[in-house]
Amino acid sequence: DQQVKQNSPSLSVQEGRISILNCDYTNSMFDYFLWYKKYPAEGPTFLISISSIKDKNEDGRFTVFLNKSAKHLSLHIVPSQPGDSAVYFCAASVSYGGSQGNLIFGKGTKLSVKP
Amino acid sequence: EADIYQTPRYLVIGTGKKITLECSQTMGHDKMYWYQQDPGMELHLIHYSYGVNSTEKGDLSSESTVSRIRTEHFPLTLESARPSHTSQYLCASSPRFPRAGANVLTFGAGSRLTVL
């Protein structure tokens with residue numbers, strides 16, 4: 001059963017507008033959440049993370065929001081740029097225990113930013 | 001420049017062949033990982049290592065094996081490749097103690113394997 005779910009396989013946004021990518025999780029033990037971006041024929045690159053004790057983390061154009069009660073997080077990109085077109089993966093981890101730190105990934109959302 | 005390298009990037013081979021996917025990192029990371037990904041699907045952890053002589057199986061069962069004889073090197077081997085092994089294999093590494101709490105993995109560019 002998937003522990004991290006990205007229910008939108010794709011998203012298309014106009015350049016300059018906001019992109020909102022969503023992610024849901026089922027395991028309440030997750031204490032860190034990360035977003036990765038992946039271009040074709042490249043490995044995923046880290047974008048931004050958030051601890052479960054926070055509800056928001058911001059880095060430049062990227063902001064991640066966490067709603068623990070809903071087990072939901074979202075990545076906001078403002079303003080969106082054509083270079084942001086990529087597949088975005090949501091990932092989660094438990095920082096303690098036998099598999100500490102191992103990331104569990106969602107299926108990804110393909111973002112297309114149109115000029 | 002510190003980085004993580006995977007070779008080969010692309011490999012097409014016949015059924016029954018033995019293959020080794022190489023992964024090396026120059027960041028001095030203790031932890032290393034192998035993930036498998038099919039198109040449109042999530043990355044599945046198949047192997048990980050906490051350091052030299054440490055190897056563990058991941059969440060997804062895999063017929064591949066790994067070894068960790070040197071800190072910087074984490075090769076993955078398939079003794080007898082089959083078409084079901086066709087996939088992209090991503091190697092990653094991370095420091096033993098995360099800087100800001102989150103265990104941020106650095107990924108290589110991947111090895112795309114096709115078994116005919």
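Chain letters run A, B, ... following the sequence lines, proteins first, then strands; residues in each count from 1.
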Can you check side chain to side chain contact (heavy atoms under 4.5 Å, CB included) on F105(A) and L45(B), steps first, answer last? CA-CA 9 Å; F105(A) 286 83; L45(B) 180 65; over 6 Å; no
What do the steps show when you test Q3(A) against E42(B) for side chain to side chain contact (heavy atoms under 4.5 Å, CB included), and what is the final call? CA-CA 11 Å; Q3(A) 297 186 65; E42(B) 59 266 59; over 6 Å; no
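- A distance-only check finds no donor-acceptor pair linking the side chain of R112(B) to the backbone of A41(A) [under 3.5 Å].
- Other residues, nucleotides and ligands contribute over 12 non-hydrogen atoms within 6.0 Å of the CG atom of L116(B).
- A single hydrophobic cluster is seen to contain both L60(B) and F74(B), as judged by linkage of ILVMFWY side chains at heavy-atom distances under 4.5 Å, directly or through other members.
- In this structure, the side chains of Y33(B) and N102(A) come closer than 4.5 Å at one or more pairs of heavy atoms.
- Side-chain contact check for P44(A) versus L43(B): some heavy-atom pair is nearer than 4.5 Å.
- Put simply, W35(A) and I20(A) are part of two different groups of oily side chains (I, L, V, M, F, W, Y) that touch within less than 4.5 Å, one to the next.
- Under a hydrophobic-cluster definition in which Ile, Leu, Val, Met, Phe, Trp and Tyr are linked whenever side-chain heavy atoms come within less than 4.5 Å, directly or via other members, M29(A) and Y25(A) are assigned to the same cluster.
- Heavy atoms closer than 4.5 Å to chain A are found nowhere in Q6(B), neither backbone nor side chain.
- The hydrophobic cluster containing L73(A) does not contain F65(A), counting ILVMFWY residues as joined when their side-chain heavy atoms lie under 4.5 angstrom apart, directly or transitively.
- At a threshold of 4.5 Å between non-hydrogen side-chain atoms, the residues K107(A) and Q37(B) do not count as touching.
- Other residues, nucleotides and ligands contribute at most 12 non-hydrogen atoms within 6.0 Å of the CZ atom of R17(A).
- Although no hydrogens or angles enter the test, the distance criterion places a donor-acceptor pair under 3.5 Å between the side chain of Y36(A) and the main chain of L105(B).
- Taken together through direct or relayed side-chain contacts under 4.5 Å among Ile, Leu, Val, Met, Phe, Trp and Tyr, I48(A) and I104(A) form part of one hydrophobic cluster.
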Dump the intermediate steps for side chain to side chain contact (heavy atoms under 4.5 Å, CB included) on Y32(A) and N103(B), then the final yes or no. CA-CA 8 Å; Y32(A) 283 98; N103(B) 183 34; over 6 Å; no
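- Counting heavy-atom neighbours within 6.0 Å of R96(B) CZ, excluding the residue itself, gives a total of 12 or less.
- Y35(B) places a side-chain N or O within donor-acceptor distance of the main-chain N or O of L103(A), the cut-off being under 3.5 Å.
- In this structure, CZ in F107(B) is found 13.5 Å from CD in E42(A), a value given to the nearest 0.5 Å.
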